[in-house]
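By convention in this document, chain letters (A, B, ...) are assigned in the order of the sequence lines, proteins followed by strands, and residues within each chain are numbered from 1. Just so it is clear, the model here is predicted, and its values are computed rather than measured.
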Amino acid sequence: SAVISQKPSRDICQRGTSLTIQCQVDSQVTMMFWYRQQPGQSLTLIATANQGSEATYESGFVIDKFPISRPNLTFSTLTVSNMSPEDSSIYLCSVGPTQGLTDTQYFGPGTRLTVL
Amino acid sequence: GNSVTQMEGPVTLSEEAFLTINCTYTATGYPSLFWYVQYPGEGLQLLLKATKADDKGSNKGFEATYRKETTSFHLEKGSVQVSDSAVYFCALIKIQGAQKLVFGQGTRLTINP
């Protein structure tokens with residue numbers, strides 16, 4: 001399985017600011033995904049990020065609030081814009097396979113965000 | 001649409017007890033099924049998976065069997081340890097079309113010594 005790192009691991013931010021979260025993988029992967037885990041809740045998919053194309057957002061998530069970049073096959077960023085306390089969550093990236101389709105996703109350690 | 005339902009937690013057991021966490025799913029076609037585990041303060045780790053009916057996934061003493069007739073994928077372990085304390089998520093994915101993991105609500109497990 002791929003080794004996935006995220007930066008920062010945690011942050012405390014002020015309302016109205018933005019935070020960019022980085023996800024780095026140790027091998028080239030086709031698909032990368034961003035999830036949100038609100039306190040005490042399950043995971044919800046924010047968007048799917050494929051290299052060379054715009055991210056595909058799930059219902060309830062918009063590009064202006066969660067812009068995503070995918071400049072190459074090993075890296076992606078998620079920005080949480082104009083933050084409010086409701087954005088306090090763990091944000092996790094996950095990756096699909098190095099090539100082709102597969103059913104298994106592997107997750108990074110997550111970024112724990114607190115918005116004051 | 002696709003959905004996953006897990007037994008409600010939290011679940012508290014004594015060390016060496018038998019564990020079952022129920023998981024049922026709703027999906028068209030033939031999804032792949034997963035159990036992920038989240039230890040305190042960490043991200044998600046894949047625990048086990050099964051890709052077709054009657055497959056049994058196993059890892060670290062945990063087992064789950066893909067039961068299409070009952071649309072279930074219950075997680076079991078014969079003798080739990082304190083180190084098994086974590087949140088367990090059942091999930092499904094359909095490889096055809098959007099590769100979207102659908103998670104259950106999670107079950108918090110606490111094992112007391």
Side-chain angles (χ1 to χ4, degrees), chain A residues 1-10 21 23-25 29-50 53 55-61 89-114, chain B residues 1-10 21 23 25 27 29-53 55 57 59 64 66 73 86-110:
Chain A
S1 62
V3 176
I4 306 161
S5 60
Q6 287 186 231
K7 289 183 181 179
S9 59
R10 59 178 63 233
I21 302 168
C23 179
Q24 179 76 53
V25 190
V29 293
T30 305
M31 305 179 77
M32 297 180 78
F33 306 86
W34 287 98
Y35 289 82
R36 181 177 72 181
Q37 185 180 22
Q38 295 177 299
Q41 302 296 312
S42 188
L43 283 79
T44 302
L45 180 65
I46 297 172
T48 302
N50 293 333
S53 63
T56 302
Y57 289 83
E58 295 297 305
S59 175
F61 298 96
S89 297
I90 301 173
Y91 292 86
L92 300 103
C93 71
S94 74
V95 303
T98 55
Q99 59 183 2
L101 294 178
T102 189
D103 54 6
T104 303
Q105 291 182 22
Y106 297 94
F107 285 80
T111 296
R112 188 177 297 271
L113 171 62
T114 301
Chain B
N2 302 327
S3 65
V4 176
T5 302
Q6 288 180 233
M7 70 183 282
E8 293 190 14
I21 301 178
C23 171
Y25 68 91
Y30 302 94
S32 294
L33 302 174
F34 305 84
W35 279 99
Y36 283 88
V37 58
Q38 186 174 35
Y39 297 103
E42 300 185 11
L44 264 68
Q45 298 179 23
L46 177 66
L47 181 60
L48 54 85
K49 66 180 239 188
T51 58
K52 62 183 187 294
D55 265 3
N59 186 25
Y66 190 145
F73 194 54
V87 180
Y88 291 80
F89 292 94
C90 186
L92 69 80
I93 196 170
K94 288 186 68 179
I95 200 63
Q96 300 304 321
Q99 294 188 41
K100 177 180 174 180
L101 262 176
V102 176
F103 286 90
Q105 64 268 44
T107 301
R108 181 176 297 278
L109 173 67
T110 301

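- B:Gln45 pairs by the side-chain contact (heavy atoms from CB on, under 4.5 Å) definition with B:Val37, B:Tyr39, B:Glu42, B:Lys60, not counting sequence neighbours.
- Looking at B:Phe103, the atoms closer than 4.5 Å to chain A (heavy atoms on both sides) sit in the backbone and in the side chain alike.
- Only the side chain of B:Leu46 comes within contact range of chain A, with heavy atoms under 4.5 Å apart.
- With a 4.5 angstrom heavy-atom cutoff, A:Leu92 touches chain B only via side-chain atoms.
- Side-chain N or O atoms of A:Ser42 include none that pairs as donor or acceptor with a backbone N or O of B:Gly106 at under 3.5 Å.
- Residues A:Arg112 and B:Gly41 share a closest heavy-atom pair of NH2-CA, 3.8 Å.
- Contacts between A:Glu58 and chain B at a heavy-atom distance below 4.5 Å involve the side chain alone, from C-beta outward.
- Remark: A:Ser94 OG to B:Leu101 CG distance equals 6.5 Å, nearest 0.5 Å.
- Closest of all the heavy-atom pairs between B:Tyr36 and A:Gln105 is OH-O, 2.6 Å.
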